[in-house]
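Report on the following structure.
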Amino acid sequence: MTDTKTYISQNKDRFISELIELLKIPSISADQKYKGDILKTAEAICVSLKEAGCKKVEICETPGNPIVYGEHILNDNLPTILVYGHYDVQPADPLDLWNSPPFEPVIQKTDIHPEGAIFARGACDDKGQLYMHVKAFEIMIQQESLPCNVKFLIEGEEEVGSCSLEWFVERNQEKLSNDIILISDSGMISNEQPSINTGLRGLSYVEVEVTGPNRDLHSGLYGGAVANPINILAGMIASLHDENNHITIPGFYDKVIELSRVERDEMAKAPFSLEEYKKSIGIEDVYGEKGYTTNERNSIRPTLDVNGIWGGYTGEGAKTVIASKAYAKISMRLVPDQDPDEITEIFKNHFESIAPKGVRVKVTPHHGGHPYVTPIDNIGYKAANKACSETFGVPAIPQRSGGSIPIVSLFEKELNSKTILMGFGLDSDSIHSPNEHFGIFNFLKGIETIPLFYKYYTEMFTE
Ligand code: BES
Ligand code: MN
Ligand code: MN
């Protein structure tokens, strides 16, 4: 057994119980009610980094939630790895769909995680994954094997658009300077087949409001004679896709980079079972843009999805009413080279243009983010692959993800460095959903793999 493996097997119960303590704090960034818990979590991360042996750790105030910054510099001639993670989590609702309370972590075995998984909001996204980095660092300090400089940048607003981090990065380029950024906030193919993310989708997120009559009306007295905002909104939304599930907004695809046949064939080599995919989410058939496979649809193609829609009467029983207003929240996942501001603008223009007279439409943009792709011919990718190959026993497969971490493209712009997305979650871990969990196997495998990334990256850097 390697030294790292021995250390992990001797300390794994403590690692798990420390993570469980962290998961008990409901650091929900979307709801101001949890501000106190946000501060408590930042404090806890700060303490854990100090205890792991990080020389300088501080809580940096921002206009929003605090950022935890840690720094352990050995020597200016060595490379510097900047580790990014987020301590905030998504809201836990709907609460009644959880098998155990979201902030009372429990360990339970599942088919995919026979060694057990920790069930709690944030277990995988991203407290569990960022904590792997804290423990990997502890190991390197304890074993005196840390080969390079490290900076930790742990924020508390990722799930709401990273506004304060953007503010912080723009003001602290020097402080955050690094040679490579390492993030574990994504997933891999399976516990038998590691993969490294080579891309993230961008995001444009808008809220739309359709207003009809100046008040809610009796649906018998007025029904049929006025535009019903809910009917109209539903129709407008339906018109945003054609019969082939292409998005109909003029100009939407103008900047989309089409992958070559060769690149698509390469992608298709990744192990994937459509049957298992359907079974895992309980659907009879998949659905999506004509001409593309499921894995292409959810990674290299842009999308438009309604995330929420409301208006009118939704209480018990029936109320006959034509609502004055209807609302929807719509996300568009973007791929290179789509620009979130441009897409938001053309969405707005199009959506306003398709509204019939008799309603008014208001489009309000929310946060957005640029897509990101990273090359695989750099030493960061090579080091990650070598580390994964060693701990999993098989080489990693490069794979583009459908999710978004908007700050990654900003890192590239402001800090001029590439990001390696070495995540250890699984798609089936239910991030953002009820019963989110993170496999004990994945947690420990991450802790084992990270020091090897440091080692191989530093070796390749100095070669
Ligand atoms: N960790 C996720 C993103 C992710 C998950 C990337 C899996 C790749 C694989 C992140 O916390 C997240 O949820 N991002 C949001 C975007 C943000 C602006 C709210 C997302 O993708 O919806
Ligand atoms: Mn995340
Ligand atoms: Mn998330």
Side-chain angles (χ1 to χ4, degrees), residues 18-49 58-69 84-106 118-131 153-168 185 203 205-209 306-311 314-316 325 327-331 364-369 403-407 429-438:
E18 287 173 9
L19 173 58
I20 285 177
E21 287 311 304
L22 195 62
L23 290 169
K24 286 182 184 168
I25 322 173
S27 50
I28 302 170
S29 50
D31 188 341
Q32 278 306 312
K33 205 166 79 208
Y34 296 94
K35 187 80 185 184
D37 293 300
I38 283 278
L39 303 180
K40 241 168 98 178
T41 311
E43 191 55 51
I45 302 281
C46 183
V47 170
S48 72
L49 276 171
E58 58 189 10
I59 292 189
C60 306
E61 296 306 326
T62 72
N65 296 341
I67 288 165
V68 184
Y69 177 74
Y84 162 86
H86 63 93
Y87 67 79
D88 65 319
V89 302
Q90 284 277 331
D93 47 284
L95 288 175
D96 54 325
L97 295 182
W98 284 77
N99 298 328
S100 56
F103 299 104
E104 293 171 29
V106 292
I118 307 177
F119 283 77
R121 172 56 86 233
C124 177
D125 183 13
D126 181 39
K127 284 172 171 168
Q129 297 213 62
L130 84 82
Y131 209 65
L153 182 65
I154 316 292
E155 69 150 320
E157 282 176 35
E158 197 277 341
E159 300 292 7
V160 290
S162 299
C163 290
S164 298
L165 183 60
E166 207 173 314
W167 176 92
F168 187 77
D185 188 23
L203 184 66
Y205 200 111
V206 295
E207 187 166 327
V208 300
E209 180 191 288
V306 178
N307 294 243
I309 181 162
W310 70 103
T314 56
E316 204 182 308
K325 284 177 188 290
Y327 306 85
K329 290 183 193 275
I330 297 173
S331 68
T364 311
H366 279 271
H367 53 246
S404 309
I405 310 177
I407 203 67
D429 287 345
S430 301
I431 63 170
H432 295 206
S433 306
N435 304 311
E436 175 177 354
H437 54 280
F438 190 36

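For clarity, every value in this text was computed on a predicted model and none was experimentally measured.
- Pro105 places none of its side-chain heavy atoms less than 4.5 Å from the side chain of Glu21.
- In this model, a donor atom of one side chain and an acceptor atom of the other lie less than 3.5 Å apart for Asn307 and Ser331.
- Atom-to-atom distance recorded for Ile67:CD1 and Tyr84:OH is 9.0 Å, nearest 0.5 angstrom.
- Under the side chain to side chain contact (heavy atoms under 4.5 Å, CB included) test applied with His86, the options Glu159, Lys127, Gln129 reduce to a single match, Glu159.
- Taking both residues in full, the closest heavy atoms of Val306 and Ala328 are given as CG1-CB, 4.4 Å, listed atom of the first, atom of the second, then distance.
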Please report the C-alpha distance between Asn99 and Phe119 in whole Å, then the side-chain angles of each, then the deciding distance to 0.1 Å, and finally whether the side-chain contact (heavy atoms from CB on, under 4.5 Å) criterion is met.
CA-CA 9 Å; Asn99 298 328; Phe119 283 77; 5.8 Å; no
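- Without hydrogens or angle criteria, Asp185 side chain to Asp126 main chain gives no donor-acceptor distance under 3.5 Å.
- Nearest heavy atom pair, residue Ser100 against residue Val106, reads OG-CG2, 3.3 Å.
- In this structure, CD on Gln32 lies 8.5 Å from CD1 on Ile38, to the nearest 0.5 angstrom.
- Contact between Gly64 and Ser164 at its shortest, heavy atoms only, is N-OG, 3.2 Å.
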Show me, pair by pair, the donor-acceptor contacts under 3.5 angstrom made by side chains of residues 39-48, not counting sequence neighbours?
| from | atom 1 | to | atom 2 | distance (Å) |
| --- | --- | --- | --- | --- |
| Thr41 | OG1 | Asp37 | O | 2.6 |
| Ser48 | OG | Ile45 | O | 2.8 |

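- A donor-acceptor contact shorter than 3.5 Å links the side chain of Glu157 to the backbone of Asn65.
- Across all non-hydrogen atoms, the minimal contact from Glu61 to Pro66 is OE1-CB, 4.4 Å.
- Rounded to the nearest 0.5 angstrom, Phe103 CZ and Ile28 CD1 are separated by 4.0 Å.
- Defined by atom type and a distance below 3.5 Å, a donor-acceptor pair is present between the side-chain atoms of Ser162 and Glu155.
- Classification of the Tyr327-Trp310 ring pair by plane angle, with boundaries at 30° and 60°, yields parallel.
- The two residues Gly311 and Thr314 have their closest heavy-atom pair at O-CG2, 4.0 Å.
- In terms of modelled atom types and a separation under 3.5 Å, the side chain of Arg121 and the main chain of Gln90 share a donor-acceptor contact.
- Under a 3.5 Å cut-off, the side chain of Asp429 and the backbone N or O of Phe438 do not form any donor-acceptor pair.
- Formation of a donor-acceptor pair under 3.5 Å by the Asp31 side chain with backbone atoms of Lys33 is found in this model.
- Between Asp88 and Gly156 the shortest heavy-atom distance is CB-O, 3.2 Å.
- Here the side chain of His437 pairs no donor or acceptor atom with the backbone of Ala123 at under 3.5 angstrom.
- Between the side chain of Glu436 and the backbone N or O of Gly122 there is at least one donor-acceptor pair closer than 3.5 Å.
- Taking SG of Cys124 as the start and CG of Leu23 as the end, the distance is 11.0 Å to the nearest 0.5 Å.
- A distance of 8.0 Å separates CZ in Phe168 from CG in Leu165, rounded to the nearest 0.5 Å.
- Expressed to the nearest 0.5 Å, how far CD1 of Ile407 lies from CG of Leu153 amounts to 8.0 Å.
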